[in-house]
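Beneath this line is the structure, given in C-alpha cells, with notes to follow.
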2 protein chains.
Amino acid sequence: MGNKQLMKNYRLLLENASLKTTPARLAVLSFLNENSDPLSAESIFDHVAGEHSPADRATIYRILETFFQKGIIKRLELGEGKYRYELTGEEHHHLICESCGKIEDISDCNISEFEKEIGRKKKFTVRRHSLEFFGLCSDCQN
Amino acid sequence: MGNKQLMKNYRLLLENASLKTTPARLAVLSFLNENSDPLSAESIFDHVAGEHSPADRATIYRILETFFQKGIIKRLELGEGKYRYELTGEEHHHLICESCGKIEDISDCNISEFEKEIGRKKKFTVRRHSLEFFGLCSDCQN
DNA sequence: ATATCTGCAAATTTTTTGCAAAAAG
DNA sequence: CTTTTTGCAAAAAATTTGCAGATAT
C-alpha cells in the first residue's frame with residue numbers, strides 16, 4: 001500500500017475514533033505499522049524523536065494511552081516490567097525467546113471454548129485474555 | 001498446618017534453594033502463603049513494615065527477585081504496569097475483574113496440546129506461558 | 001570465619017500530571 | 001472560534017544499585 005493511501009487510512013482511523021490528526025499521531029501509527037513486533041513507549045519515542053517533527057515523551061505516552069482506550073492498539077506485558085504496544089489486528093499471541101529476545105507471532109489459540117466454560121462455571125464474563133509463551137526460539141535451542 | 005510446622009517448611013524450602021533463613025524472607029513467605037491473591041511488591045513491603053522486624057523496601061525487592069529466580073514464586077503481570085507475585089504451586093491462571101479488581105484462580109487451561117503444536121510448527125520450545133483472563137466477575141455483571 | 005543478606009541513600013526506569021501555548025477541524 | 005493536543009517541567013510510581021555493616025551457617 002502506498003504512503004499516500006496509508007495516510008488516508010490513518011486519517012480515517014483517527015476520525016472514526018473522534019481523534020484529531022496530528023503529526024505525532026501519524027508518526028506513531030506508521031511506526032507501529034512498520035513493525036510487526038510490539039514496541040515499547042521508549043522505542044517509539046526514540047524513533048519519533050529522529051523525525052522532522054519530534055514529539056515529546058509525554059506526548060507519546062498520551063497518544064499510546066488514548067489509542068489503547070480507543071482500541072486502536074493493544075497493550076501487552078511480556079515479562080519486562082513495562083508495556084509494549086501493537087496495532088490491533090487479527091487476534092494472535094506471542095512466542096518470546098528467553099535467550100535472544102526474539103518475538104514471533106502465533107495465531108489460533110482456540111481458547112474460546114475454555115472461555116465459555118469459564119462463563120458457565122464461574123459466572124465470569126471474559127472480555128479479553130492475555131496469552132504469551134516464553135521459551136527458546138529455533139536459533140537458541142542449543 | 002501449625003505455625004511451627006510452617007516455619008520448618010519454610011526453612012527447608014530456603015535450604016533447598018541454597019538460601020539463608022532470615023526474618024524478612026520468612027515474613028515474605030508467610031504473607032504470600034496467607035494470601036491466595038498474587039501480591040504486589042509494595043503490598044508485601046507494607047505488610048512486612050508492620051511487623052516486629054520491618055524490612056527495607058530494597059530488601060523486599062531483592063527477596064522477590066531471588067525467590068523468582070529460584071522458582072519459589074511466580075511473577076505475574078495483570079495489566080497494571082507492575083509485577084505481582086504468588087507462591088509457586090499448582091499451575092493455574094487468573095480471572096481479573098475489570099470493574100472491581102477481584103482476582104479469582106482458575107485451573108485446567110489445557111494448553112499443553114497447543115504448546116506441543118507450537119514446538120512442531122515453529123520449532124519453539126515452550127518453557128512457560130502466561131494466560132490471564134480479563135472481564136467481569138459475577139458481582140459486576142450488571 | 002566467611003559468604004550471604006540487609007539497610008540506607010541515591011539513582012534509574014517507566015509513566016503521569018498541571019498548565020499555558022499551539023494546532024486541528 | 002472552540003475543543004483538542006502538545007511541550008515543558010516537574011512529580012510520581014516501580015524498581016535497581018553501591019557499599020558498608022549485620023547476620024546466618
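Below, read A as the first sequence line, B as the second, and so on, with proteins coming before strands; counting in each chain starts at 1. Note that the structure is a prediction, hence the values are computed from the model and not measured.
Cluster partners of Ile118(B) are Leu95(A), Ile106(A), Ile111(A), Phe114(A), Ile118(A), Phe124(A), Val126(A), Leu131(A), Phe133(A), Leu95(B), Ile106(B), Ile111(B), Phe114(B), Phe124(B), Val126(B), Leu131(B), Phe133(B), counting Ile, Leu, Val, Met, Phe, Trp and Tyr whose side-chain heavy atoms approach within less than 4.5 Å, directly or via other members.
From the 5' end on, the contacts that DNA chain C makes with chain A at under 4.0 Å to a non-hydrogen atom open and close at dT14(C) to dG25(C).
Residues His129(A) and His93(B) fail the side-chain proximity criterion, which asks for heavy atoms closer than 4.5 Å. The closest side-chain heavy-atom distance from Ser40(A) to Tyr83(A) is not below 4.5 Å. Ile96(A) places a side-chain heavy atom less than 4.5 Å from the side chain of Phe134(A). The closest side-chain heavy-atom distance from Lys20(B) to Leu14(B) is not below 4.5 Å.
No continuous path of hydrophobic side-chain contacts links Leu76(A) to Leu78(B) [ILVMFWY only; heavy atoms under 4.5 Å].
Using a 4.0 Å cut-off between charged side-chain N and carboxylate O, Glu42(B) and Lys82(B) make no salt bridge.
Defined by atom type and a distance below 3.5 Å, a donor-acceptor pair is present between the side-chain atoms of His94(A) and Glu86(A).
In this structure Glu98(B) satisfies the salt bridge (Lys or Arg N to Asp or Glu O under 4.0 Å) test together with Arg127(A), Arg128(A), sequence neighbours excluded. Partners of Ser112(B) according to the side chain to side chain contact (heavy atoms under 4.5 Å, CB included) rule, which considers only residues two or more places apart in sequence or in another chain, do not exist here. Arg75(A) is linked by a salt bridge (Lys or Arg N to Asp or Glu O under 4.0 Å) to Glu65(A), counting only residues two or more places apart in sequence or in another chain. Applying the salt bridge (Lys or Arg N to Asp or Glu O under 4.0 Å) test to Arg84(A) and every residue at least two apart in sequence or in another chain returns Glu80(A). Every salt bridge (Lys or Arg N to Asp or Glu O under 4.0 Å) that Glu117(A) has, sequence neighbours left out, goes to Lys121(A).
Residues from residues 17-34 of chain A with heavy atoms under 4.0 angstrom of DNA chain D, sorted by number: Leu19(A), Lys20(A), Thr22(A), Ala24(A), Arg25(A). Of the residues in residues 61-68 of chain A, those with a non-hydrogen atom less than 4.0 angstrom from any atom of DNA chain D are Arg62(A), Ile63(A). At a non-hydrogen distance threshold of 4.0 Å, Lys82(B), Tyr83(B) from residues 70-88 of chain B come into contact with DNA chain D. For the segment residues 49-60 of chain B, residues with any heavy atom less than 4.0 angstrom from an atom of DNA chain D are, sorted by number, Arg57(B), Ala58(B). Of the residues in residues 37-44 of chain B, not one comes within less than 4.0 Å of DNA chain C through any heavy atom.
Side chain of His92(B) to main chain of Glu90(B): a donor-acceptor pair is present (N/O by atom type, distance under 3.5 Å, no hydrogens or angles). A donor-acceptor distance shorter than 3.5 angstrom exists from the side chain of Gln141(B) to the backbone of Lys123(A), with no hydrogens or angles considered.
One finds the OH atom of Tyr10(B) at 12.0 Å from the CD1 atom of Ile72(B) (value rounded to the nearest 0.5 Å).
No more than 12 heavy atoms of other residues, nucleotides or ligands shown are found within 6.0 angstrom of CD on Glu113(A).
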